[in-house]
2 protein chains.
Amino acid sequence: MQDKYDVIRLKNQLCFPLYAVSNLIIRKYKPLLDKLDLTYTQYIVMMVLWEKGRVNEKILCQTLSLKSNTMTPLLKKLEGKGYIEKAKDTGDGRNLVITLTQSGNDLRDKALSVPECISKELYISPEDAELLYRTLYKILDAEKEIENENSL
Amino acid sequence: MQDKYDVIRLKNQLCFPLYAVSNLIIRKYKPLLDKLDLTYTQYIVMMVLWEKGRVNEKILCQTLSLKSNTMTPLLKKLEGKGYIEKAKDTGDGRNLVITLTQSGNDLRDKALSVPECISKELYISPEDAELLYRTLYKILDAEKEIENENSL
DNA sequence: ACAAATTATATCGCACGCGATATAATTTAA
DNA sequence: TTAAATTATATCGCGTGCGATATAATTTGT
């Protein structure tokens, strides 16, 4: 039985399970990240810093697909917790350079157990996780490509 | 080269692309939903109502995996816009029954074009979309099952 | 050189999402 | 029956995300 309204049934939307699973995972992270005094978004910022050690805000925003209106207050909070330091780039005074403090760097080892805890709580096979990961990055990469074309 | 920190590299997390794609899609919905005077979350609530016509708040919360602290203010806004009406269940006074107004029901036809607009803006093949959809629902369904077991 | 355009960051206001908690209505149990 | 437990909704406070806009620093064009 075809109904013209079928297209706007919740069950026929890709967006909804994405939204629901994203919320679900962030919820699962919360108790683990509480121990590190981090929110989920602060955690992904810290992951970038743990990896690169030193990043400017623009790169951080691009990497995480966030804008300065989200990043600026978030960095202020991480600075307040003593995990990062901010400094103006001596070359270009517009750029803000973020670096890890000792305490921020120490947090890295405490975070090591987080991914395994999460994967235990997520009911998904390694194959499905791999599949999901790849498909999602296809979307993100395609989007980045379009953005780059538009900014030429 | 294996590094003990590999597990907390952003690129090795499933959560991040999920979060980024979910944000991306909601961002893409915004200009379309603005025309209907709906936010994304309000839109998925309306989808449930368009389908069922009449729902109580608890079912709505369960369907969308949201809690009353998100739903209550949201319903207040939809009521303010004249799209829904709230009434206490005559049987059990704790239950809040939500119904569509005429204006809320009329919105359904205006929303019909939304899914196609979104799918044009998402760079994903129908096969990948199907794959993504199925895998995400595996996670959601497994989660629901666990929740049900816990509430016995 | 210097005004205009561009770029990077910050601010503002709004709407979630969530844990914790409060309130109201119903059910349960002694 | 009536006090305690349970259930459904509401409130509170905080931290995002986001479009729009403002501010500060640099680059560009003439």
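- At least one side-chain nitrogen or oxygen of A/K88 sits closer than 4.0 Å to the OP1 or OP2 atom of D/dA25.
- A straight line from CG of A/D92 to P of D/dT28 spans 11 Å, rounded to a whole angstrom.
- Rounded to an integer number of Å, the gap from B/F16 CZ to D/dG17 P is 11 Å.
- Atoms NZ (B/K81) and C1' (C/dC14) sit 11 Å apart, rounded to a whole Å.
- Here the C1' atom of nucleotide C/dA10 and the NZ atom of A/K58 are 16 Å apart, to the nearest Å.
- B/V97 and B/V45 sit in two unconnected hydrophobic clusters of ILVMFWY residues. Membership requires side-chain heavy atoms under 4.5 Å apart, directly or through other members.
- Counting heavy atoms from C-beta outward, A/I59 and A/V48 have side chains that stay 4.5 Å or more apart.
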Protein-nucleotides 16-20 of chain C N/O pairs under 3.5 Å:
unit_1	atom_1	unit_2	atom_2	d
C/dC16	OP1	B/T39	OG1	2.7
C/dC16	OP2	B/Q42	NE2	2.7
C/dC16	O3'	B/T41	OG1	3.4
C/dG17	OP2	A/Y19	OH	2.4
C/dG17	OP2	B/T41	OG1	2.9
C/dC18	OP1	A/R27	NH1	2.5
C/dC18	OP2	A/R27	NH1	3.3
C/dG19	OP2	B/K67	NZ	3.4
C/dG19	N7	B/N69	ND2	2.7
C/dG19	O6	B/N69	ND2	2.5
C/dA20	N6	B/N69	ND2	3.4

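- The distance between atom CZ of A/R94 and atom P of C/dA5, rounded to the nearest whole Å, is 16 Å.
- Side-chain contact between B/T39 and B/Y29 is absent, with no heavy atoms from C-beta onward closer than 4.5 Å.
- In this entry the distance linking CD of A/E57 with P of C/dT11 reads 11 Å, nearest Å.
- Residues A/L36 and A/V114 meet the side-chain proximity criterion, which asks for heavy atoms closer than 4.5 Å.
- Against DNA chain D, the stretch residues 115-123 of chain B makes no heavy-atom approach under 4.0 Å.
- Within a 6.0 Å sphere centred on CZ of B/R9, other residues, nucleotides and ligands contribute 12 heavy atoms or fewer.
- At a threshold of 4.5 Å between non-hydrogen side-chain atoms, the residues A/Y19 and B/L64 do not count as touching.
- Looking at heavy atoms from C-beta onward, A/I139 lies out of side-chain contact with B/I25 at the 4.5 angstrom threshold.
- Using a 4.5 Å cut-off on side-chain heavy atoms (C-beta onward), A/I8 and B/P115 make contact.
- At whole-Å resolution of the value, NZ in B/K28 and C1' in D/dC18 are 15 Å apart.
- In this structure, the side-chain contact (heavy atoms from CB on, under 4.5 Å) partners of A/E121, at least two apart in sequence or on a different chain, are A/K28.
- Atom NZ of B/K76 is separated from atom C1' of D/dC12 by 12 Å (rounded to the nearest Å).
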